[in-house]
Student: 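Can you keep this structure in mind? I'll have questions shortly.
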There are 2 protein chains.
Amino acid sequence: MAVVIRAVRETDRPLYRAPCGACATCDVRTMAVCAALADDEVEALESIMTATHLQANEMLVQEGDPRSKVFTLTSGMLRLSVGLPDGRRQITGFLLPGDYLGLADDEIYTASAEAVGAAALCAFPVRQMDALVERFPKLKDRLHRFTRAALRQARENQLILGRLAPVEKLASFLVLLSDRAVEHRLPASPVSLPMPRADIADYLGLTVETVSRSFTKLRNQGLVAMPDPHSIEICDRRALAAVAGLPPH
Amino acid sequence: MAVVIRAVRETDRPLYRAPCGACATCDVRTMAVCAALADDEVEALESIMTATHLQANEMLVQEGDPRSKVFTLTSGMLRLSVGLPDGRRQITGFLLPGDYLGLADDEIYTASAEAVGAAALCAFPVRQMDALVERFPKLKDRLHRFTRAALRQARENQLILGRLAPVEKLASFLVLLSDRAVEHRLPASPVSLPMPRADIADYLGLTVETVSRSFTKLRNQGLVAMPDPHSIEICDRRALAAVAGLPPH
DNA sequence: CGAGATGTTGAATATAATCAAACAACGTGG
DNA sequence: CCACGTTGTTTGATTATATTCAACATCTCG
């Protein structure tokens, strides 16, 4: 009988545990904000966390809505975007597993977030998260560090949007994604592009046609190969970085 | 005699006091990061502070240099910029009195900062500043708040750079400067443009010629008047905001 | 298998960059 | 004080290039 009781408890817990198991065994445990906490401290985070799943193109938060929750993405990809009244859209960034959603905002979300494909994340009510942040200074420091990194990235993006030609923009995007893949212990090539061309266009300030033509140019120059539109092999990473106008790194 | 001694002390102090007098009487006391501290607490900040002055176009920090100091601008204007190897430049923002320089960076400066005209600022060694930030949690919180605001601004800039037409870019720039002037208790119009056209171009991702032509268009549409190139009267703020593709606010 | 969504390519058009020149403002030195 | 060169701004003509409009190809999925 005791065994049965234990089993019930086990099956109840998944409602409030991380998508890939408890935080302790989570894929992004070492890179997300929760890495600031020791294993016994994450339990506090876990206790206010709700695991959430999104379908492709499902909207998670909408620009202008009150900021009621913050999130850590555990799998999949999110696009962050801001829009104009006439429908024009700028994607300000793509979130990968381990990234935090809610760094920039105070009272209301200033950007929308949608899932590119299926995605999973941990949701935290802001009030309870704020309390935890006060309780664990390391957590606050790590959030601040993430915010600074996001600010540097946003400024880098200003350079890309304001001063790079279309092929240069695309090259810099591919190098960025490749570098991020490496941070996630994935191969630098081929790089996976789960988002449609329209998203890349709205991220780089171009039209879909120009994005497509820029891919073709990079392919014709032998810098990349495209087994399919959503998978890009980087043939010459150094030359690609040079096209992007970036130091070889 | 006592009078003479007091006079000597008075003339010695300026070496280590804020440009406009002690912190307690500083112009930006209420808006800069130091507003987080009570009057008796700012003394700690004052004690590690060095007043600095810059001439027009003098470089304060250079992209890539080790981040040894952080600053609060007390008068004048700074331009923040990032550059490409071939000389192309993107200005990521203009700093006004009360703004903090050093929000985004960790070990090294990721952007250069130069004075637009003559400028004055408070300089703080990072090591000592870090210690004060730990000592005064309110100071850390205010810095974090500033960083979040800078991130929101940088994302707004991505929209402007990626999706607005030249006249729209310029209109949004003028509205931004006007709003910031109001925050500084200055009139919303005329707005002062101390920077050259080349800076505006590098901020908006345009050429100087296109900036100039866009000014002419706004003038011909009766939205602004230009008594001289560095002073812009906003004739129809609502229409200007509409051109910028922004909500009327 | 067909229909819609997504991606690529082609031709045209619009538009910002480039090249060039005129003009104004300013400080310097004769 | 004025001529002069310098710098910054504006305007004009031309060119390069990304967008637009259009067609076609490819892929997905009922």
Side-chain angles (χ1 to χ4, degrees), chain A residues 55-58 79 84 86-91 114 116-118 160-171 173-174 192-221 224-232 243, chain B residues 55-57 77 79 84 86-91 114 116-118 160-171 173-174 192-221 224-232 243:
Chain A
Q55 298 174 320
N57 299 311
E58 192 175 341
R79 55 174 168 259
L84 287 169
D86 62 8
R88 282 177 288 181
R89 181 181 71 147
Q90 176 66 39
I91 290 180
E114 298 158 299
V116 172
I160 290 165
L161 287 165
R163 285 299 176 219
L164 294 195
V167 271
E168 296 174 322
K169 288 179 175 182
L170 187 58
F173 178 61
L174 295 175
S192 158
L193 298 179
M195 74 292 290
R197 294 292 189 258
D199 282 2
I200 301 176
D202 282 343
Y203 179 68
L204 297 175
L206 302 169
T207 61
V208 284
E209 294 94 331
T210 300
V211 169
S212 184
R213 283 184 243 271
S214 299
F215 270 120
T216 303
K217 283 183 188 173
L218 290 178
R219 182 158 41 81
N220 290 343
Q221 289 172 19
V224 304
M226 268 195 293
D228 78 280
H230 296 285
S231 171
I232 308 290
V243 168
Chain B
Q55 297 174 321
N57 297 311
M77 181 182 276
R79 56 173 168 260
L84 288 169
D86 63 8
R88 282 178 288 181
R89 181 181 71 147
Q90 176 68 37
I91 290 181
E114 297 158 299
V116 172
I160 290 165
L161 287 165
R163 285 300 176 220
L164 294 194
V167 271
E168 295 173 323
K169 288 179 176 181
L170 187 57
F173 179 60
L174 294 175
S192 157
L193 299 179
M195 75 292 289
R197 294 290 188 263
D199 282 1
I200 301 175
D202 282 344
Y203 179 68
L204 297 175
L206 303 169
T207 61
V208 284
E209 294 93 332
T210 300
V211 168
S212 183
R213 282 185 242 271
S214 299
F215 269 120
T216 302
K217 284 183 187 173
L218 290 179
R219 182 158 40 81
N220 290 343
Q221 289 172 19
V224 304
M226 268 197 291
D228 76 283
H230 296 284
S231 171
I232 308 290
V243 168

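Throughout, protein chains are lettered first and strands after them, A, B, ... in sequence-line order, and every chain is numbered starting at 1.
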Student: Where do Pro229(A) and Leu193(A) come nearest, in terms of heavy atoms and distance?
Tutor: O-CD1, 4.2 Å

Student: Thr207(A) side chain N/O closer than 4.0 Å to the phosphate oxygens (OP1, OP2) of dT19(D)?
Tutor: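 For Thr207(A), the contact criterion (side-chain N or O under 4.0 Å from OP1 or OP2 of dT19(D)) is met.
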
Student: What nucleotide, of dT10(D), dA16(C), dT19(D), holds the atom closest to the side chain of Thr210(B)?
Tutor: dA16(C)

Student: Ignoring hydrogens and geometry beyond distance, is the side chain of Arg219(B) in donor-acceptor contact with the base of dT11(D) at under 3.5 Å?
Tutor: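 Side chain to base: no pair below 3.5 Å.
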
Student: Between the base of dG12(D) and the side chain of Arg213(B), is one N or O donor paired with an acceptor at under 3.5 angstrom?
Tutor: yes

Student: Find the distance Leu164(A):CG to dA17(C):P and express it as a whole number of Å.
Tutor: 14 Å

Student: At less than 4.0 Å, is any side-chain N or O atom of Ser212(A) found next to OP1 or OP2 of dG7(C)? Yes or no.
Tutor: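 No, Ser212(A) has no side-chain N/O under 4.0 Å of OP1/OP2 on dG7(C).
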
Student: Between Arg79(A) and Glu114(A), is there a donor-acceptor pair closer than 3.5 Å when you use the side chain of the first and the backbone of the second?
Tutor: no

Student: For a 4.5 angstrom cut-off between non-hydrogen side-chain atoms, does Leu174(A) reach Phe215(A)?
Tutor: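 Yes; the side chains approach each other to less than 4.5 Å.
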
Student: dA13(D) C1' sits how many Å from Glu209(B) CD, rounded?
Tutor: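 One finds 13 Å between C1' of dA13(D) and CD of Glu209(B), rounded.
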
Student: Assuming nearest nucleotide by heavy-atom distance, tell me which of Ala198(B) and Pro166(A) is located more 5' along DNA chain D.
Tutor: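 Result of the comparison: Ala198(B).
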
Student: With respect to the phosphate group of dG7(C), does any side-chain polar atom (N or O) of His230(A) fall under 4.0 Å of OP1 or OP2?
Tutor: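 Yes, His230(A) has a side-chain N/O under 4.0 Å of OP1/OP2 on dG7(C).
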
Student: With a 4.0 Å limit, can you tell me whether Thr216(B) has a side-chain N or O closer than that to the phosphate oxygens OP1/OP2 of dT11(D)?
Tutor: yes

Student: Checking Arg213(A) side chain against Val208(A) main chain: does a donor-acceptor pair fall under 3.5 Å?
Tutor: no

